[in-house]
Every structure is written in structure tokens, then in C-alpha cells.
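Here's the structure, in C-alpha cells; my notes come after.
Any value given below was found using the heavy atoms of this structure, including those in side chains, with hydrogens, waters and symmetry copies removed. A note on names: the letters A, B, ... follow the listed sequences, proteins ahead of strands, and every chain is numbered from 1.
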There are 2 protein chains.
Amino acid sequence: MMASNRQVNSNTESVDNYLKAILALSGPEEQSVSSTALARRLGVAPASVTNMLQKLASARPPNVEYEKHRGVRLSPEGKRRALEVLRHHRLIETFLYEILDFPIEEVHDEAERLEHFISERFEERIAAKLGHPKFDPHGHCIPAMNGRMPKQRSKSLANLDGDGDFVVESVSDRDSALLKQLKAHGIAPGSRLRVTKSPQEEFILKATRQPKSLRLALSVASAVRIRSS
Amino acid sequence: MMASNRQVNSNTESVDNYLKAILALSGPEEQSVSSTALARRLGVAPASVTNMLQKLASARPPNVEYEKHRGVRLSPEGKRRALEVLRHHRLIETFLYEILDFPIEEVHDEAERLEHFISERFEERIAAKLGHPKFDPHGHCIPAMNGRMPKQRSKSLANLDGDGDFVVESVSDRDSALLKQLKAHGIAPGSRLRVTKSPQEEFILKATRQPKSLRLALSVASAVRIRSS
DNA sequence: CAATTATCTTAGGCTAGCCTAAATACTTAG
DNA sequence: CTAAGTATTTAGGCTAGCCTAAGATAATTG
Ligand SMILES: [Mn+2]
Ligand SMILES: [Mn+2]
Ligand SMILES: [Mn+2]
Ligand SMILES: [Mn+2]
């Protein structure tokens with residue numbers, strides 16, 4: 001068999017999802033991302049990832065920089081597209097929450113589908129309707145139309161040194177059961193929190209003026225990001 | 001080669017589009033629809049239609065009733081699904097027009113994509129937000145949640161006998177250039193119209209209190225449906 | 001009613017995006 | 001520095017949904 005892999009590969013839903021996953025996994029340092037990490041995140045086999053990375057790299061202009069066995073990073077074009085889709089995602093989430101009164105724990109899954117199919121006009125209209133918001137309902141920054149997005153300077157609850165009082169900066173959008181729990185305990189972006197660490201390495205969160213406190217296992221604590229109050 | 005065509009065929013975007021096309025082409029009499037008519041409407045080759053009809057017919061429960069060389073009609077299940085998608089389509093159009101201030105001539109294309117990807121929750125929320133509307137911005141009836149939809153008792157402008165005064169019931173959503181023209185001449189669902197037929201078999205439309213009248217060729221006149229005023 | 005024409009179906013291919021199994025290349029422990 | 005172990009890629013397949021070309025059926029018409 002021969003190369004055979006020099007196809008066009010325009011912006012399909014699947015391509016969008018790979019680019020978004022690379023953006024998320026490469027982090028603020030924009031480190032290169034391994035095939036297996038992508039496979040795990042996207043729920044596909046590693047071989048499928050390799051195949052797609054080859055296509056993304058041989059697109060013209062390329063969507064990623066990829067060398068066998070050394071992981072992948074976004075090209076300028078790939079990053080542009082990833083941020084465009086991320087903007088769609090977060091605008092849609094904000095819109096579902098603010099205008100359509102979706103419960104917070106349901107906005108992510110809906111946005112995950114719709115982000116690929118809305119037009120530029122739709123994007124522009126909901127942005128206008130919402131007053132060009134800077135943050136989505138989970139506290140995540142919405143990339144600007146030109147692709148700029150300020151770095152977050154918060155830290156994950158999981159990396160916390162000692163007890164103290166904090167403000168919630170953002171909560172992960174991907175665990176809807178957790179989002180429901182947090183909501184029930186009055187914990188949302190902007191909430192003031194008292195955090196203590198239990199002997200069993202759990203985090204005890206209590207929001208101001210909330211009757212009950214919430215115990216979080218270390219494994220889910222990374223879903224909450226905080227800054228000093 | 002053997003049959004090989006007994007697959008699962010769940011509700012993909014393509015399946016939705018075939019079912020919607022059959023619903024539209026079979027008309028109020030629910031006549032059977034030919035492969036070529038479907039091929040023309042969907043912009044695919046006739047062979048592709050035959051192939052899809054075989055799958056739709058062998059789904060369990062079947063989406064269509066199909067016999068070689070004698071056209072196709074929707075099964076109860078297929079009709080249910082087609083009306084569901086049509087409801088999505090028209091609700092989305094209404095929503096884009098009323099809430100997001102889309103220009104009338106742009107709502108159709110956007111709805112055509114999004115109709116396949118919104119959740120039941122999204123459907124329910126926009127319906128509530130809009131006050132459970134009965135008609136979309138083109139004047140078309142929105143199927144109810146249970147799938148019921150009253151028959152239209154209007155007639156097409158193209159089948160008009162003589163001149164007279166009428167009320168616009170609906171305008172086709174599929175020709176965006178025409179929609180722009182109609183808008184510029186104050187012609188929309190509910191408008192009062194004076195219609196005269198020119199010697200060259202054109203229709204002259206003049207809406208009440210509008211300065212200019214509009215000449216429509218017979219070929220596009222079918223896009224406007226009217227009832228007596 | 002037989003021949004021509006129009007419509008429809010079958011056969012065989014293609015691409016995107018996935019899969020599993022097998023091969024290969026890095027990494028690391030001894 | 002080599003051997004095992006892990007990560008990654010290659011090879012070969014599969015399905016959905018499209019295509020073209022060729023064959024079959026139905027409709028029309030002289
Ligand atoms: Mn999200
Ligand atoms: Mn955009
Ligand atoms: Mn429409
Ligand atoms: Mn629905």
C-alpha cells in the first residue's frame with residue numbers, strides 16, 4: 001500500500017473536535033500533545049488519532065505540526081479554528097443559560113453539538129443579544145472574535161496548599177452530576193468559599209450564607225478553580 | 001454480490017432529510033413519491049435515492065413503505081419523525097426571526113442545519129419562550145408536539161383564476177432572493193394584496209399602502225399562497 | 001402491440017472516520 | 001547497553017452516504 005493520505009480534509013465536526021481537544025490538552029504552555037492523551041479524551045482508538053493527525057498535518061494550510069512519535073501542536077490555522085469553535089461553544093452555553101433558562105448542568109452537552117453548526121450570523125446575533133459577554137456560566141473566558149483570550153491566573157482546588165477563604169473562579173463544564181451538586185450547595189463562579197482539608201484528603205467547601213458544606217474527593221477537586229478572596 | 005442492505009440506519013441527518021422531503025413532496029393527499037422527484041429535491045443521484053429508500057424500508061420499524069418502481073410513502077413512524085423535524089425547523093425559524101432578529105430571508109438555511117441537532121429540551125424552551133406559536137414567519141403552520149397539523153385551505157397564486165383582492169397566507173421559505181423582494185414591497189403573511197394579471201402572464205402584486213407594485217413571473221408565483229380577503 | 005424513451009435499480013467504487021491486530025519505535029530498568 | 005515494556009504507527013477492514021455506468025422495467029407512441 002502507498003501513502004494515500006494526502007486528502008483535502010476540510011472543517012468537519014470531527015476535525016473541529018480534534019482541534020479543540022489539542023487546544024485543551026496542550027494547556028497554557030502550548031505543549032505538544034500525545035496520541036494516547038487525545039485518544040482518551042476523544043474516546044477513540046489511538047490508531048484513529050494517528051490517522052487523523054496525519055490528515056490534519058497534510059492539509060493546506062496545515063492544521064497541526066506533527067512529527068511521528070513526538071506528539072502534535074496546533075498550527076496558527078489550527079489554533080484559529082480551535083478558538084473559533086471554543087468561542088461558539090461558550091457563547092452558546094451562555095445563551096442557553098441566560099436566554100433559554102437551561103439548567104447549568106445541561107448547557108455543555110447541547111453546546112457540544114451546536115457549536116459545529118451555527119453560522120457566523122448566529123454567533124454574532126447571540127453575542128449582541130448577550131451584550132458581548134466575556135465569561136460563560138462556568139466562569140470560563142470566551143475568546144474574542146479575533147481569537148484573543150487572556151490567560152487565567154487562578155489555581156486548581158486540587159493543588160491547594162492549605163485551608164483558607166477563596167473566590168470560585170470557574171467550575172468544569174464536563175461533569176454534569178458535579179455541577180448539580182455544586183449548584184445545590186450554592187457554589188458557582190464568584191461564590192466566596194471557606195475551604196478546609198479533611199484528614200482523609202477530602203476538600204470541605206462551604207459557601208458564605210449556605211447551610212450545608214460539601215465534601216469533594218481529590219479526584220474531582222480539579223474541576224474547581226479558585227483565586228484568593 | 002448479495003442483498004447486504006439490511007442495516008440499522010438510525011436517525012441521521014441524511015435520513016431526516018429524506019423523510020422531510022417525502023413529507024413535502026407527497027402533499028396533503030399523501031401520494032406516493034418517485035425516486036427522481038426525491039433525487040431532484042435532495043440534489044443527489046437517483047441511484048442514491050433507491051439505495052436509501054431500501055434502507056428506510058427495511059429499518060425496524062420501517063420508516064417508509066416502498067415497492068420497486070412504484071414510489072414511496074411515509075410509514076406512521078416515518079411520518080412521526082418527519083413532523084418532528086418539521087416542527088424543529090419551523091420553531092427555529094420563528095425563534096431566529098423573533099428573538100435573534102434574523103432577516104427573514106436568512107432563517108431557512110440556518111434552520112435547515114440546526115433542526116437535526118437540537119435536543120428536546122431546546123425545542124421545549126424556545127417553544128415556551130415564543131409562547132407556543134402556531135405559525136412560522138413565512139406563515140407556515142408549526143406541527144404540534146403530538147404531530148397534529150391542520151390542513152392549509154389556501155391556494156397558490158399560480159393557480160389564480162382572475163384578478164382580485166386577497167390576503168397573503170404564506171410565502172415559500174426556500175428562495176431567499178424572492179423573500180427579500182417581497183419584503184421590500186411590504187408583502188408578508190397577513191398582507192392585503194391587489195392582484196392583477198398582466199398580458200404577458202405575469203402577476204402584478206400591490207400591497208395596501210405600499211408605493212410600488214411587484215411583478216412576478218408565473219414560475220415563481222407558486223411561492224406565494226393566498227386566501228380571499 | 002412492438003419499439004423507443006424515460007424511469008428506476010443494480011453493480012461496483014470512493015471518502016471520511018472509525019475499528020482491531022500486528023509491527024515498530026521509543027523508554028527505562030537491570 | 002540490552003531487553004522488556006510502553007507508546008505509536010501501519011495494515012487491513014467496516015459502515016454510511018454518496019457517485020457513475022450499465023442493466024432492467026415501465027410508459028408512451030406510431
Ligand atoms: Mn462546555
Ligand atoms: Mn464564528
Ligand atoms: Mn424553512
Ligand atoms: Mn422534538
Side-chain angles (χ1 to χ4, degrees), chain A residues 1-22 25 31-60 63-73 81 85 112-113 116-117, chain B residues 1-22 25-26 31-60 63-73 81 112-113 116-117:
Chain A
M1 202 88 323
M2 256 288 60
S4 81
N5 226 352
R6 272 78 242 265
Q7 274 89 262
V8 210
N9 193 286
S10 70
N11 279 357
T12 68
E13 182 176 359
S14 199
V15 166
D16 281 355
N17 286 333
Y18 276 86
L19 296 177
K20 255 200 340 168
I22 297 168
L25 293 176
Q31 291 171 303
S32 89
V33 177
S34 74
S35 304
T36 23
L38 278 169
R40 207 175 28 246
R41 170 111 178 180
L42 293 166
V44 299
S48 305
V49 172
T50 299
N51 196 272
M52 179 61 96
L53 294 184
Q54 290 168 344
K55 287 189 200 166
L56 293 175
S58 60
R60 198 100 326 184
N63 285 115
V64 300
E65 284 148 30
Y66 167 66
E67 275 177 299
K68 277 190 192 184
H69 297 282
R70 19 202 79 212
V72 72
R73 13 172 63 97
R81 179 62 188 162
V85 179
E112 198 69 25
R113 270 175 292 113
H116 309 290
F117 304 107
Chain B
M1 202 89 322
M2 257 285 63
S4 81
N5 224 352
R6 272 78 242 266
Q7 274 89 261
V8 214
N9 192 287
S10 69
N11 279 359
T12 67
E13 182 176 1
S14 199
V15 166
D16 281 356
N17 285 332
Y18 275 86
L19 296 177
K20 256 200 338 167
I22 296 168
L25 293 176
S26 62
Q31 291 171 303
S32 88
V33 177
S34 74
S35 306
T36 24
L38 279 169
R40 205 175 28 246
R41 169 108 177 183
L42 293 167
V44 300
S48 306
V49 172
T50 298
N51 197 272
M52 179 61 97
L53 294 185
Q54 291 169 342
K55 287 189 200 168
L56 292 175
S58 60
R60 198 89 338 170
N63 285 116
V64 300
E65 284 148 30
Y66 166 66
E67 276 178 299
K68 276 191 192 184
H69 296 283
R70 18 203 78 210
V72 71
R73 14 172 64 96
R81 179 61 188 164
E112 198 69 26
R113 271 176 291 112
H116 310 290
F117 304 108

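Side-chain atoms of A/Met52 lie closest to C/dC18 of the nucleotides C/dC18, C/dA16, D/dT8. Proximity note for B/Gln54 (side chain, C-beta onward) versus D/dT10, C/dT10, C/dC18: the nearest is C/dT10. Set against D/dT10, D/dC18, C/dC18, the side chain of A/Lys68 has D/dT10 as its closest nucleotide. Among C/dC18, D/dC18, C/dA16, the nucleotide with an atom closest to any side-chain atom of A/Lys55 is C/dA16. Here the side chain of B/Thr50 is nearest to one of D/dC18, D/dT9, C/dT10, namely C/dT10.
A salt bridge links B/Glu112 with B/Lys20: the closest approach of a Lys/Arg side-chain nitrogen to an acidic carboxylate oxygen falls below 4.0 angstrom.
Between the C1' atom of C/dA16 and the CG atom of A/Asn17 lies a distance of 14 Å, rounded to the nearest Å. One can place CG of A/Leu42 at 18 Å from P of C/dA16, the figure rounded to the nearest angstrom. Straight-line distance from the CG atom of A/Leu38 to the C1' atom of C/dC18: 15 Å, rounded to whole Å. As rounded to whole Å, 14 Å separates atom C1' of C/dC14 from atom CG of B/Asn51.
Phosphate proximity of C/dT9 to B/Ser35: present, with a side-chain N or O under 4.0 Å from OP1 or OP2. Phosphate proximity of C/dA16 to A/Ser14: absent, as no side-chain N or O sits under 4.0 Å from OP1 or OP2. OP1 or OP2 of C/dA16 has not a single side-chain nitrogen or oxygen of A/Tyr18 nearer than 4.0 Å. For A/Ser34, no side-chain nitrogen or oxygen approaches OP1 or OP2 of D/dA7 to under 4.0 Å.
In terms of position on DNA chain C, the residue among A/Val44 and A/Arg70 whose nearest nucleotide sits closer to the 5' end is A/Val44. Nearer the 5' end of DNA chain C, as judged by each residue's closest nucleotide, is the contact made by B/Leu53, out of A/Gly43 and B/Leu53.
Without hydrogens or angle criteria, B/Ser26 side chain to B/Ile22 main chain gives a donor-acceptor distance under 3.5 Å. Judged by distance alone, with hydrogens and angles left aside, the side-chain atoms of A/Ser58 form a donor-acceptor pair with the main-chain N or O of A/Gln54 at under 3.5 Å.
Side-chain atoms of A/Val33 and A/Arg41, non-hydrogen and from C-beta on, never get closer than 4.5 Å to each other. Residues B/Leu53 and B/Leu38 meet the side-chain proximity criterion, which asks for heavy atoms closer than 4.5 Å.
Applying the salt bridge (charged side-chain N to carboxylate O under 4.0 Å, His left out) rule to pairs touching residues 10-19 of chain A yields A/Asp16-A/Arg81, sequence neighbours excluded.
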Contact pattern, 5' to 3', of nucleotides 20-25 of chain C - B, S or - by protein heavy atom under 4.0 Å:
BB---S

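Side-chain N/O atoms of B/His116 and B/Asn11 include no donor and acceptor closer than 3.5 Å.
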